[in-house]
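Below is one structure; the comments refer to it alone.
Below, all heavy atoms of this structure are taken into account, side chains as well, without hydrogens, waters or symmetry copies.
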Amino acid sequence: MESILKAKNFPSEQHSINQLLNCCRVMTRIMPFVFESSECLEWEESFFWTPRQVEKETKTSDNKPEYEILPCRGEFLLSLTIQSLFLAGFTIPISLATKETKVVYAIWENGVGSAVPISTYKDNESNRTEVLRLLAVLLSKSMYVPPTQLLSNEDLWLRYVAVNTERKVVLVILCSLMNTICNYDPTGWVPYNHVVTSGPREQLVSFCLTNLLILLDYRSPRQADLMRQHDHAVAISPTHDLVTDIEQISLSETQQDNILPKTSVEIEVFSPQLVAGEEEQQQQQLQQLKKGEENAFRYYMSKLHRKQDFEFLMNGIHRLLINPMTAVNTYLPGSTKRVGCYIDVMMMCWRLIETNSRFTKYLIETDRVLDLTVALLFHAIDNKDKLSQIGLVRMCAFMLQTLSSNKEFSTKLNTPFLTHSSLPASVRLYAFNGTYADFLIISIFSLIASTHGKLSTLYPALILTITNISPYLVNLGVTTVSKLMTLFNSMSSAIFLMADEYNFQLTAYVLEIFNNIIHYQFKENPNLVYSIVLHHDSFEKLERLTFQGAVNEVERVRLTRESKSAATTVDAEAPATATATDTTATATDTTATATDTTATDTDTATDTAAAATATATATDTDTATDTAAIANNTTATDVNINTTDTDVKATVDDIETKVTEHTSKINENEVEPAESQVQEEAPPPPPEAEPSRCQQDNSQELLRTRNGFMPTEAWMIFWKSKLPLKTISRLLQELVPKVEEKCVVGNNASSLEEIMEFLKSVDIKDILTEQDTGFIRKFQWGEALVIWFRSMMWGQNYVSSMKEHGAWNGTHVKLFQIKAE
């Protein structure tokens, strides 16, 4: 490769393009096996990363040999690979070559850092794909490292490119990769364009994304140590206080400008004006930049600031993100090409939001953040039932939580969603007429309610998204309020609270949603206030909940399940001549917890409850009915958001997702309004008797969760005292008697409109004397999440390359597991 790159007559018969391509292909195939073999580990480090000494031809005056220190072979190979990306006549047009050299660092396409495109041919793009494949392979050593050693072992290959590459080269590589990605338009100008003409463009874009994400993902050992210290501090700190354990400061470090002379591209594109306070931060980061501990690619991505650059990047990102949505929402089947790189594009967008606050500000100011929110919800809902795409759903949830910590984003969600009818059927809501906030909350409820616990590890991120935006929400719709009340009823049931040691935190997060709206947007949300008053018994039930009552509820549900199972067995063994009516009647009589469907109006979503008694809840005319808790849908959920469990298709061995078995479903049934509501009487409770010690021991043993936790009365007393119920209790004490008085049946009964006007006229300051302190819980990167993200990134690269004679085929990766569907 060296001789070809230095040849002045390249390309020629002696130094041909095919020879250089063969060099790249041979190294691409060999290096994965070198990384895979544990026997080659020491040899690889000594051969590639030991400085070389070469004896000089001249000797000293006393006839002693002199030695020249040459770069390590690994550094030399990476330098040659990077030079090949900008070799005139190979990856860029031959017309760009100069008399001195044919390696010309020119940005491949117009966009960020370049307004004038260079003429590029298909052969150039094909050669770029080959070299980018080699570069990705050289940086893939992480795939052959166990997750437990991922952050402790330094990847010298990746470190050299991300830290030690010359600044001018970093800028050209970064701009070339981003511009190639964002200029890609898979739809074309006419339908079925991809069928008529096809090329290697998508493969080039895929490898550009792969290399860009790899380079942006590098973290120095110092940053890894900071994350370990943070995780250790969280692990040893008391986990009881819901307030003091909140992390509100991002762990990512601010990167600052270098003091070395800047190129013209760097001055124009990557040098934003410093605001107040950044000068001091710049001095603090100066020493780190000199030591070479910062990721140069992340650093320069954080310095983008021009509006036209952000517009260009977001147009390209949004185009590729909504491609799957566009492909399924067309009148001509198959007329739009569906690309497979949208997952990598989402990762790129997340990195931009994470590293560049100016990009996030641009998204919010131009309303593009609303388009991004809809795209994230589409991908989450569209892939929620696909086991191989759980990682994608997890990333959508984390990105939504990241955005929700921004006040301007939360306020922007109150914008009416006027283009909802154009969405695909999978995410379109029936008769929807609300805001983006309504759409977000209903979609999050759908993710929780329709997955039957498969996404239990994402419940904290999803609920915290609503909690973070709740202080800024106004005019929530009736359906949205119904979903929030159903969510509270589900997560405040004794069955759910006793299912895991930390499930009570989810209940607290839902209560914070109500508290935030009451304190900050009381007059703007009469529907929610009325629903809280209407369902005051649910909050009072939680406040009166005792340990023995919860144990009795768990035992009752267990007996109900056994009774239902026995009834099913009896029905199966019944004679074939039995009529369907008789069979149904038998099952109904045997089952003690059959829940009747409640009559609601068109905006009602009724969720059935596996409780001990059959219930039918009457609702007001224009108010949604939210039935009892999802008693059977109990989930053991680890809600420590700083150490969220991660289990993707790329499985991290030391991170296990704790999910209890779900024995029932959350069914969302929309029914027409009924004129009357039927309420069946519950079977009379058995006579109370003093349980024996043996029975008490058996009952307590049944409470043990899958992770070995045993609920105790002291445990319940503790977390009950921490639940934020004071605000709602005080509100209910004041409003329930007044609303009930207005609803007395008679000639003077108030209409719903009058009740709403009364609620709007209430001064919340007269009711709540204590000032509420709202908490915004930002998404926190921890060691476990870094491992998960890197595993998902490399797993996606591995799977996407398998079809094209992948470079890693036939090797045994250790970072993740591949499961054939």
Can you confirm whether [X] sits close enough to [Y] that some side-chain heavy atom of one is under 4.5 Å from a side-chain heavy atom of the other?
X: F86; Y: S176; value: yes
X: N295; Y: R219; value: no
X: L80; Y: E2; value: yes
X: K361; Y: E408; value: no
X: L158; Y: L138; value: no
X: V103; Y: L87; value: yes
X: L132; Y: T210; value: no
X: V339; Y: V205; value: no

#### Entry: W43 and F47 aromatic ring geometry - parallel, tilted or perpendicular at 30°/60° bounds
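Plane angle under 30°, so parallel.
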Of all heavy-atom pairs between [X] and [Y], which one has the smallest distance, and what is that distance?
X: L209; Y: M348; value: CD2-SD, 4.0 Å
X: T811; Y: Y798; value: O-OH, 4.1 Å
X: S152; Y: T148; value: OG-O, 4.2 Å
X: M395; Y: I343; value: CE-O, 3.9 Å
X: Q796; Y: G340; value: NE2-O, 4.0 Å
X: R790; Y: L815; value: O-CD2, 4.0 Å

Charged N to carboxylate O under 4.0 angstrom, [X] versus [Y]?
X: E109; Y: R201; value: yes
X: E354; Y: R351; value: yes
X: K141; Y: D155; value: no
X: E294; Y: R298; value: no

### Task
Run through W788, W794, F789 and flag the one making a side chain to side chain contact (heavy atoms under 4.5 Å, CB included) with M792.
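The residue from W788, W794, F789 that satisfies side chain to side chain contact (heavy atoms under 4.5 Å, CB included) with M792 turns out to be W788.
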Do the side chain of [X] and the main chain of [Y] share a donor and acceptor less than 3.5 angstrom apart?
X: N183; Y: N179; result: yes
X: N356; Y: L304; result: yes
X: N468; Y: K778; result: no
X: R52; Y: I69; result: no

Of all residues at least two apart in sequence or in a different chain, which pass the ring pair (Phe, Tyr, Trp, His ring centres under 6.0 Å) check with [X]?
X: Y342; result: H379
X: W157; result: F35, F48, W49
X: F310; result: F359, Y362

### Query
What do the steps show when you test T360 against T402 for side chain to side chain contact (heavy atoms under 4.5 Å, CB included), and what is the final call?
CA-CA 10 Å; T360 307; T402 302; over 6 Å; no
Give, for atom [atom1] of [X] and atom [atom2] of [Y], the distance between the pair rounded to the nearest 0.5 Å.
X: Q203; Y: T129; atom1: CD; atom2: OG1; answer: 5.5 Å
X: C349; Y: H318; atom1: SG; atom2: NE2; answer: 10.0 Å
X: L77; Y: Y160; atom1: CG; atom2: OH; answer: 10.5 Å
X: C208; Y: M178; atom1: SG; atom2: CE; answer: 11.5 Å
X: I787; Y: L150; atom1: CD1; atom2: CG; answer: 5.5 Å
X: L462; Y: R394; atom1: CG; atom2: CZ; answer: 10.5 Å

### Message
For a side chain to side chain contact (heavy atoms under 4.5 Å, CB included) check, start with the C-alpha distance between N797 and D344, then their side-chain angles and the critical distance, and finish with the verdict.
### Response
CA-CA 9 Å; N797 295 336; D344 292 333; 4.1 Å; yes
### Query
Please walk me through it: do W108 and L85 pass side chain to side chain contact (heavy atoms under 4.5 Å, CB included)?
CA-CA 10 Å; W108 290 344; L85 291 173; 4.0 Å; yes
### Message
Under a 3.5 Å threshold, yes or no: a donor from one side chain and an acceptor from the other, between R133 and S801?
### Response
no
### Message
So for atom CD, which belongs to Q149, do other residues, nucleotides or ligands contribute more than 12 heavy atoms lying within a distance under 6.0 Å?
### Response
yes
### Message
Evaluate S84 against L5 for side chain to side chain contact (heavy atoms under 4.5 Å, CB included), listing each step before the verdict.
### Response
CA-CA 7 Å; S84 300; L5 290 173; 3.7 Å; yes
